Amino acid sequence: MPGRGDGLRLLGIPPRTRAVHRFVVGLAVVRAATEPTSGKPHQENGAFTVDVFIIGITGGIGGLLAQRLRSRGDAVRGLVRRDDQQTELAAGGVDARVGDLSGMTVEELAAAFGGVDAIVFTAGSNGGSREVTRAVDGEGVAKAIEAARLAGVERFVLVSVLPESWRERDLGDDVEYYFAVKKGADVALSRSDLNWLILRPSLLLDGPATGTVSLGPAEFHGEIARDDVAATLVELLHEPRIGRQILELNTGSTLIEEAVRANVRE
């Protein structure tokens, strides 16, 4: 059976970095033995809330997710590149940390995470240059996994992509590389010891949410509003019984709350 290190090898992480990864895992195991389990909603003023850190909080899905979580009373933190973004998010009650994912160390990223309940990785290159794809969709995910272990945060949600996306088109080499890196990130997370969840939405569209989706281990590829993806993520974050699963998301006729409950494994 392949080990966790194999996932990092698939992402092209060099041997020296993988050695650091093993050291960090050792630290995290010791820490996890003495700290409470994270990732479960906790009750505050009669309502269940979660404390979430969003990587990609200034993006389409990340920004919508932050708004929905805040409106529900959840605590939201995130990573931004500029001071003005931090100031803007602070006005909306979001505690943002300034930093560049590609340039931060594992320790710096872990410190930014703090004691949150869950990490949501929504950042992505969207099939841009190989350099950006490797830095964000590949090495960025690997670094976030290590940092989550170091910070003692068990719940890790990755927004990925459906493998069938754009297969009707003539894709260039950079886009094919993007799909390969995204799949490698899925493999790396699924082989980790975190309480992970991978969500693969269909083609993303702007526009209002419908409130209904089709969600399950295998879905047809179609299209879906980013706001429906954000709404689905909110419900998934508030459902601790869903974990270590890959779920695909498409437009559909099932209310989001019901679709999430249908994927609980007793």
Side-chain angles (χ1 to χ4, degrees), residues 7-8 11 13 21 24 28 38-39 50-70 74-83 85-86 88-90 92-128 131-161 178 181-182 184-186 188-190 192 194-201 204 226 229-230 232-234 236-237:
L8 295 178
L11 288 174
I13 306 303
H21 156 76
V24 170
S38 65
V50 291
D51 189 346
V52 181
F53 192 101
I54 303 173
I55 299 177
I57 195 168
T58 59
I61 293 175
L64 292 167
L65 174 60
Q67 293 174 20
R68 284 182 171 274
L69 289 170
R70 287 297 299 139
D74 297 310
V76 180
R77 313 183 199 186
L79 185 66
V80 297
R81 292 185 176 183
R82 304 193 310 269
D83 292 338
Q85 293 173 322
Q86 182 185 46
E88 182 179 354
L89 287 172
V94 175
D95 180 13
R97 309 299 171 88
V98 178
D100 186 349
L101 177 63
S102 62
M104 297 175 75
T105 66
V106 170
E107 292 77 14
E108 289 170 340
L109 188 56
F113 288 160
V116 297
D117 299 316
I119 296 161
V120 182
F121 196 108
T122 67
S125 68
N126 296 319
E131 180 180 352
V132 175
T133 295
R134 182 171 59 252
V136 177
D137 300 285
E139 295 171 355
V141 173
K143 183 183 296 183
I145 292 171
E146 294 181 31
R149 290 197 185 100
L150 186 59
V153 182
E154 295 184 1
R155 183 76 159 160
F156 193 112
V157 181
L158 175 63
V159 178
S160 186
V161 63
Y178 165 77
V181 171
K182 295 292 280 189
D186 288 359
L189 180 58
S190 69
S192 77
L194 298 175
N195 180 17
W196 54 268
L197 175 64
I198 297 170
L199 183 66
R200 294 173 172 169
L204 299 172
R226 287 179 172 85
V229 179
T232 302
L233 286 168
V234 170
L236 288 168
L237 287 165

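Predicted model only: the values in this text are computed from it and were never measured. Sequential numbering from 1 along the given sequence is applied to the chain's residues. As a basis for the values below, the full set of heavy atoms in this structure was taken, side chains included, without hydrogen atoms, waters or symmetry mates.
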- line: In short, D137 meets K182 closest at the heavy-atom pair OD1-NZ, 3.3 Å
message: Using every non-hydrogen atom in the two residues, find where L150 and A110 come nearest and quote the distance to one decimal.
response: CD2-CB, 3.8 Å
- prompt: What closest approach, in Å, do G114 and V153 show between heavy atoms, and which atom pair accounts for it?
  reply: O-CG2, 4.0 Å
query: Which distance, rounded to the nearest 0.5 Å, do you find between the CG of N126 and the CG of L204?
result: 8.0 Å
task: Go through the steps for D117 and R155 under the test salt bridge (charged side-chain N to carboxylate O under 4.0 Å, His left out), then give the verdict.
output: CA-CA 7 Å; D117 299 316; R155 183 76 159 160; over 6 Å; no
task: Can you establish whether the number of heavy atoms outside E108 located under 6.0 Å from its atom CD is more than 12?
output: yes
- prompt: With a 4.5 Å limit on heavy-atom distance, are the side chains of I57 and V76 in contact?
  reply: yes
message: How close do L237 and V50 get, counting heavy atoms only, and between which atoms?
response: O-CG1, 3.7 Å
field: Least distance between heavy atoms, R82 atom then V98 atom
entry: O-CG2, 4.0 Å
- prompt: Do the rings of F121 and F156 sit parallel, tilted or perpendicular, given the 30° and 60° boundaries?
  reply: parallel
N/O donor-acceptor pair under 3.5 Å between D51 side chain and G115 backbone: no
- prompt: For the residue pair R97 and A111, what are the closest heavy atoms and their distance?
  reply: NH1-O, 4.1 Å
task: Decide side-chain contact (heavy atoms from CB on, under 4.5 Å) for I55 and F113; before the verdict, give the C-alpha distance in whole Å, the side-chain angles of both, and the deciding distance to 0.1 Å.
output: CA-CA 10 Å; I55 299 177; F113 288 160; 3.9 Å; yes
Stepwise side-chain contact (heavy atoms from CB on, under 4.5 Å) check, V157 with L236: CA-CA 9 Å; V157 181; L236 288 168; 5.8 Å; no
- request: Would you mind reporting whether V80 and E88 have side-chain heavy atoms less than 4.5 Å apart?
  value: no
- prompt: Which value, rounded to the nearest 0.5 Å, describes the distance between I119 atom CD1 and L109 atom CG?
  reply: 7.0 Å
- line: dist R77:CZ -> L89:CG (nearest 0.5 Å) comes out at 14.0 Å
- prompt: Just how far is it from atom CD1 of I198 to atom CG of L189, taken to the nearest 0.5 Å?
  reply: 4.5 Å
task: Go through L69 and V234 one step at a time and tell me if the side-chain contact (heavy atoms from CB on, under 4.5 Å) criterion holds.
output: CA-CA 7 Å; L69 289 170; V234 170; 4.0 Å; yes
message: If you apply the rule side-chain contact (heavy atoms from CB on, under 4.5 Å), what do you find for R134 with V181, and how did you get there?
response: CA-CA 7 Å; R134 182 171 59 252; V181 171; 5.5 Å; no
- request: Calculate, to the nearest 0.5 Å, the distance between atoms CZ and CG belonging to R68 and L65 respectively.
  value: 9.5 Å
query: Does S102 offer a backbone N or O that forms a donor-acceptor pair with the side chain of K143 under 3.5 Å?
result: yes
- prompt: Okay, side chain of T122, backbone of G56: is any donor-acceptor separation there less than 3.5 Å?
  reply: yes
message: Within the structure provided, determine whether D186 and W196 are in side-chain contact (heavy-atom separation under 4.5 Å).
response: no
statement: Taken to the nearest 0.5 Å, the spacing of L64 CG from R226 CZ works out to 8.5 Å
message: Donor-acceptor pair, distance only, cut-off 3.5 Å: does the side chain of R70 make one with the backbone of D74?
response: yes
